[in-house]
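For reference, the structure discussed in these notes is given below.
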Amino acid sequence: MPGRFITLEGGEGVGKSTQLRRLADALGARGLDVVTTREPGGSPGAEAIRRLLMEGDVERWTAQTEALLFAAARSDHVARVIKPALDHGAWVLCDRYIDSSLAYQGGAGGIGMASIMRLHEIGSGGLLPDRTLLLDLALYDAAWRELARDKGNLDRFGRKSGSYHEGVEQAFRELAEHNPDRYRRVDADGSEADVTERLLAAIEDLL
Ligand code: TMP
């Protein structure tokens, strides 16, 4: 049996990490070998690059440098973790992946989708997920940033402007529209259990 590669995407604070764990538990209970991981990061080298990306002043990197750093982190993560796990037949569940680069750097950052895909081709052989689950909770996204800002615990991306984050949301919506085979939009409203059920339904055809 070949492995399956599933990614979770969406704005900030929509519960991706919680849902990733719940989905992993549900798939594990069905007897599948499941590997969970995240981006930026997921391998020691990529986690080191993550710290460069997430810490420091909001203007620390240009959109171009950011795109290159994300592509470099992803390259290490794919080579050391994702590909080996897929080759072993595991289900790899990843919290963010190439679509975050497309939406944040490509869309909101203005780099363009084609350039991001060129970097992805060079860094990671263009590896795409079998399914990308877009957790949709647009209104909550902005409210969450406001709350986190009040608490003073926003990372570099959370501190970017409201219009940047609107650009991210817009780009995710367009990506979902243009890639209907790979993408499923999943309503992130409701109880944790309800959302997990929706996510499972959105990958049922791959099981
Ligand atoms: P998170 O771990 O809290 O999801 O934070 C990761 C942040 O990095 C989030 O704001 C989205 C951003 N990001 C990009 O801009 N491009 C990327 O390729 C990835 C993976 C994340």
Side-chain angles (χ1 to χ4, degrees), residues 1-10 16-17 19-20 23-24 27 32-54 61-135 157 167-168 171-186 199 202-203 205-207:
M1 274 290 282
R4 295 286 194 188
F5 185 21
I6 312 289
T7 58
L8 258 75
E9 298 280 2
K16 276 193 313 306
S17 312
Q19 287 302 329
L20 193 92
L23 196 55
L27 294 175
L32 297 169
D33 179 12
V34 182
V35 172
T36 60
T37 187
R38 69 159 180 187
E39 291 208 344
S43 64
E47 289 290 335
I49 298 173
R50 177 187 175 93
R51 286 191 286 281
L52 291 174
L53 279 160
M54 305 303 286
W61 308 113
T62 64
Q64 284 79 0
T65 314
E66 264 176 25
L68 288 161
L69 286 170
F70 278 113
R74 183 162 301 125
S75 178
D76 190 71
H77 185 210
V78 167
R80 312 273 170 126
V81 176
I82 296 177
K83 274 283 271 134
L86 292 173
D87 290 344
H88 273 96
W91 279 60
V92 177
L93 307 185
C94 191
D95 186 344
R96 298 193 183 279
Y97 185 66
I98 184 62
D99 297 277
S100 280
S101 284
L102 290 167
Y104 285 76
Q105 287 69 50
I111 303 280
M113 305 300 171
S115 298
I116 298 295
M117 286 313 291
R118 273 214 307 279
L119 296 180
H120 188 48
E121 197 58 51
I122 296 166
S124 304
L127 178 71
L128 289 178
D130 295 299
R131 181 69 35 88
T132 296
L133 303 167
L134 178 62
L135 277 175
F157 286 90
V168 170
F172 271 133
R173 275 197 296 274
E174 287 173 12
L175 284 162
E177 267 167 40
H178 293 147
N179 300 278
D181 290 344
R182 178 162 70 85
Y183 257 92
R184 297 288 181 276
R185 284 176 71 164
V186 176
L199 291 170
I203 57 170
D205 58 314
L206 300 176
L207 283 162

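Computed from a predicted model, the values in this text were never measured in an experiment.
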Item checked: Ser124 (side chain) donor-acceptor with Leu127 (main chain) under 3.5 angstrom -> no
Next item on the list: Please check if the side chain of Glu47 supplies one atom and the backbone of Gly42 the other of a donor-acceptor pair under 3.5 Å.
Entry: yes
Any side-chain heavy-atom pair of [X] and [Y] under 4.5 Å:
X      : Y      : answer
Ile203 : Leu199 : no
Glu39  : Arg50  : no
Val78  : Tyr97  : yes
Val92  : Arg4   : no
Leu207 : Leu27  : yes
Leu128 : Met117 : yes
Leu133 : Ile6   : yes
Arg96  : Lys16  : yes

Closest heavy-atom pair and its distance - [X], [Y]:
X      : Y      : answer
Ala171 : Gly107 : CB-CA, 4.2 Å
Met54  : Pro40  : SD-CG, 4.3 Å
Ala85  : Val35  : CB-CG2, 4.1 Å
Ile116 : Ser101 : CG2-CB, 3.8 Å
Ala24  : Thr36  : CB-CG2, 3.5 Å
Gly167 : Ala108 : C-CB, 4.1 Å

Using 0.5 Å steps for rounding, measure from the [atom1] atom of [X] to the [atom2] atom of [Y].
X      : Y      : atom1 : atom2 : value
Arg182 : Phe5   : CZ    : CZ    : 9.5 Å
His178 : Arg173 : NE2   : CZ    : 12.5 Å
Leu69  : Arg74  : CG    : CZ    : 11.5 Å
Leu175 : Arg185 : CG    : CZ    : 11.0 Å
His77  : Lys83  : NE2   : NZ    : 14.0 Å

Margin query: Less than 4.0 angstrom from a charged side-chain N to a carboxylate O is my criterion; do Glu9 and Arg184 meet it?
Written below: no
Next item on the list: Quickly, which of Asp99, Leu8, Ile98 forms a side chain to side chain contact (heavy atoms under 4.5 Å, CB included) with Thr132? Name it, please.
Entry: Asp99
Notebook entry, point to check: Would Trp91 and Asp33 count as a side-chain contact (heavy atoms from CB on, under 4.5 Å) if you check the C-alpha gap in whole Å, the side-chain angles of each, and the deciding distance to 0.1 Å?
Noted result: CA-CA 6 Å; Trp91 279 60; Asp33 179 12; over 6 Å; no
Item checked: side-chain contact (heavy atoms from CB on, under 4.5 Å) assessment of Leu102 paired with Phe172 -> CA-CA 8 Å; Leu102 290 167; Phe172 271 133; over 6 Å; no
Margin query: Checking Leu119 against Leu68 for the side-chain contact (heavy atoms from CB on, under 4.5 Å) test, could you report, in this order, the C-alpha distance in whole Å, the side-chain angles of both residues, the deciding distance, and whether it holds?
Written below: CA-CA 7 Å; Leu119 296 180; Leu68 288 161; 3.8 Å; yes
Check: What residues form a side chain to side chain contact (heavy atoms under 4.5 Å, CB included) with Ser115, not counting sequence neighbours?
Finding: Ile111, Arg118
Next item on the list: Look at the rings of Phe157 and Phe70 and say which category their plane angle falls in: under 30° parallel, 30 to 60° tilted, over 60° perpendicular.
Entry: tilted
Notebook entry, point to check: Thr37 and Leu93: side-chain contact (heavy atoms from CB on, under 4.5 Å), yes or no, with the steps?
Noted result: CA-CA 6 Å; Thr37 187; Leu93 307 185; over 6 Å; no
Next item on the list: For Arg80, enumerate each residue passing the salt bridge (charged side-chain N to carboxylate O under 4.0 Å, His left out) test, keeping only those at least two apart in sequence or located in another chain.
Entry: Asp76
